[in-house]
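Model, not experiment: these values are computed from the prediction. Whatever order the structure lists ligands and atoms in, that order sets their numbers, starting from 1.
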Amino acid sequence: MSKPINVYSEIGPLKTVVVHRPGKELENLMPDHLDRLLFDDIPFLADAQKEHDQFKEVLEEKGIEVLYLEDLATEALTDNLIKEAFIDEYLSEANIETIEETNEIRQLLEKLPTNRELIDKTIEGVRREELTSLAGVKFENDYPFAIDPMPNLYFTRDPFATIGSGVSINRMYATTRRRETIYGNYIFTYHPRFKEDVPMLYGRDQATSIEGGDILVLSKEVLAIGISQRTDLESIKRLSRTIFASDQGFNRVLGIDIGKERKFMHLDTVFTMIDHDKFTIHPEIETNLKVYTITQAGDDISVTEERESLENLLASYLKLDNVQLIPCAGGNITDAAREQWNDGTNTLTIAPGEVVVYNRNTVTNKKLREAGIKVHEIPGSELVRGRGGPRCMSMPIYREEI
Ligand SMILES: NC(=O)NCCC[C@H](N)C(=O)O
């Protein structure tokens with residue numbers, strides 16, 4: 001039986017992927033609370049769902065098995081003990097103000113007729129108006145939620161990351177996304193498809209943050225991990241130690257420092273691999289890019305700052321004769337700024353030289369085609385309001401070897 005997880009590249013033909021179809025959590029977004037929930041606008045849910053359905057259709061037309069995170073999380077609650085533990089953990093992390101609210105919400109969740117409705121409700125959040133125990137209660141603030149929604153969950157790239165045959169259950173940078181990692185933790189601990197034979201490479205309770213958008217599997221030996229607003233170098237060192245010890249064949253991690261700006265929140269918003277020797281890159285990060293190499297050194301690791309350009313590093317470590325860095329929007333600084341903001345660099349590679357992109361990034365998409373890349377375009381005007389693209393909205397479970 002092959003292992004449940006197999007991700008040893010960014011470009012191997014994609015066979016199985018995890019996504020989340022946006023739900024009512026997007027209708028629990030409010031203008032005054034967008035920053036804290038990491039959104040720039042409020043998507044129109046019905047259209048966001050239509051766009052997401054088109055994303056799924058493109059993947060399924062290529063024979064890719066599309067798994068929904070909400071289904072996997074539902075199926076992971078395989079008995080009442082696990083379900084109760086899930087509810088306890090979810091409530092303990094939900095920052096609920098009073099015991100009365102906690103007790104009433106527990107009852108509300110336990111009364112839901114199916115585990116799927118339970119999972120959906122935990123993602124959606126709970127408005128105070130839903131709780132009879134709060135009827136007539138005067139609050140110091142007018143914040144309408146007893147439990148926040150999790151609107152970022154459709155960016156399944158980030159809360160957990162498959163690497164080789166294992167998975168990194170991540171500690172997320174911001175509180176609002178830290179709660180999301182409960183689903184991956186239960187899926188990879190209890191789901192029948194994944195509970196055996198999946199090494200857990202990080203943990204949601206670790207001290208420093210790392211997010212999946214920063215993690216690229218460049219080859220069977222080399223990972224690239226962004227040092228970013230979301231991922232600390234300390235986390236990369238910790239993950240590297242575990243990966244080197246897990247004997248999966250990886251022997252080098254490139255720590256790529258992309259700075260702490262929110263618009264470049266993850267490495268995959270400015271750099272992705274789209275073919276054996278082709279990469280997308282956002283021109284704004286190319287100048288004086290700092291890259292660290294992490295390798296095993298005796299029974300610990302060594303971290304050295306590279307002097308070579310990213311292009312030369314990729315050529316030497318990936319053993320490529322010719323590396324093509326394709327700049328977002330052809331490198332035009334105005335078009336690139338606009339199209340990177342709308343995730344023009346955040347391509348999902350479904351086979352070598354074949355990608356899924358948002359249709360709105362017309363300049364970048366044209367350049368990709370001119371470079372011989374097969375481009376599948378999907379609408380994303382509503383989805384992109386969460387500041388993520390096709391790579392952000394997907395977590396590969398199985399890629400064929402290349
Ligand atoms: N890999 C990615 O770039 N994911 C995009 C995450 C967007 C989300 N609103 C966030 O700020 O985390």
Residue pair Glu100 / Ser133, side-chain donor-acceptor N/O under 3.5 Å: no
Sub-3.5 Å N/O-N/O distance, [X] and ligand 1:
X	result
Leu38	yes
His266	yes
Arg262	no
Asn346	no

List the atom pairs, donor and acceptor, that lie under 3.5 Å between side-chain atoms in residues 234-245 and the rest of the protein, sequence neighbours left out.
residue : atom : partner : partner atom : Å
Ser235  : OG   : Tyr202  : OH           : 3.3
Ser235  : OG   : Thr208  : O            : 3.3
Ser235  : OG   : Thr208  : OG1          : 2.7
Ser235  : OG   : Ser209  : N            : 3.4
Ser235  : OG   : Ser209  : O            : 2.6
Arg238  : NE   : Gln206  : OE1          : 3.3
Arg238  : NH1  : Tyr202  : OH           : 3.4
Arg238  : NH1  : Thr208  : OG1          : 3.1
Ser240  : OG   : Ile236  : O            : 2.6
Arg241  : NE   : Asp300  : OD1          : 2.8
Thr242  : OG1  : Arg238  : O            : 3.2

Asn342, Asn346, Thr269 screened by side-chain hydrogen bond (donor to acceptor under 3.5 Å, both in side chains) with Arg387, the one that passes: Asn342
Atoms of ligand 1, numbered as shown, that sit under 4.0 Å from any heavy atom of [X]:
X	answer
Gly213	1 (N)
Thr269	3 (O)
Arg387	5 (C), 7 (C)
Asp268	1 (N), 2 (C), 3 (O)

Just need the protein heavy atom nearest to [atom], so name the residue and atom and give the distance.
atom	answer
atom 1 (N) of ligand 1	Asp158 OD1, 2.9 Å
atom 2 (C) of ligand 1	Cys392 SG, 2.8 Å
atom 7 (C) of ligand 1	Gly386 O, 3.3 Å

Non-hydrogen atom of Arg230 closer than 4.0 Å to ligand 1: yes
Tyr398 versus Val7, closest heavy-atom pair with distance: N-CG2, 4.3 Å
Ligand 1 versus Arg391: contacting region, heavy-atom distance under 4.0 Å: neither
Part of Asn152 within contact of ligand 1 (heavy atoms, under 4.0 Å): side chain
Aromatic ring proximity Tyr68/His20, centre distance under 6.0 Å: no
Check: Thr280 side chain, Thr345 main-chain N or O, donor-acceptor pair, under 3.5 Å: yes
Rounded distance [0.5 Å steps], CG in Asp214 versus CD1 in Ile256: 10.0 Å
Salt bridge (Lys or Arg N to Asp or Glu O under 4.0 Å) pairs, two or more places apart, involving residues 164-191: Asp158-Arg177, Arg177-Glu180
Cationic tip of Lys220 above Tyr8 ring, under 6.0 Å, 45° of axis: yes
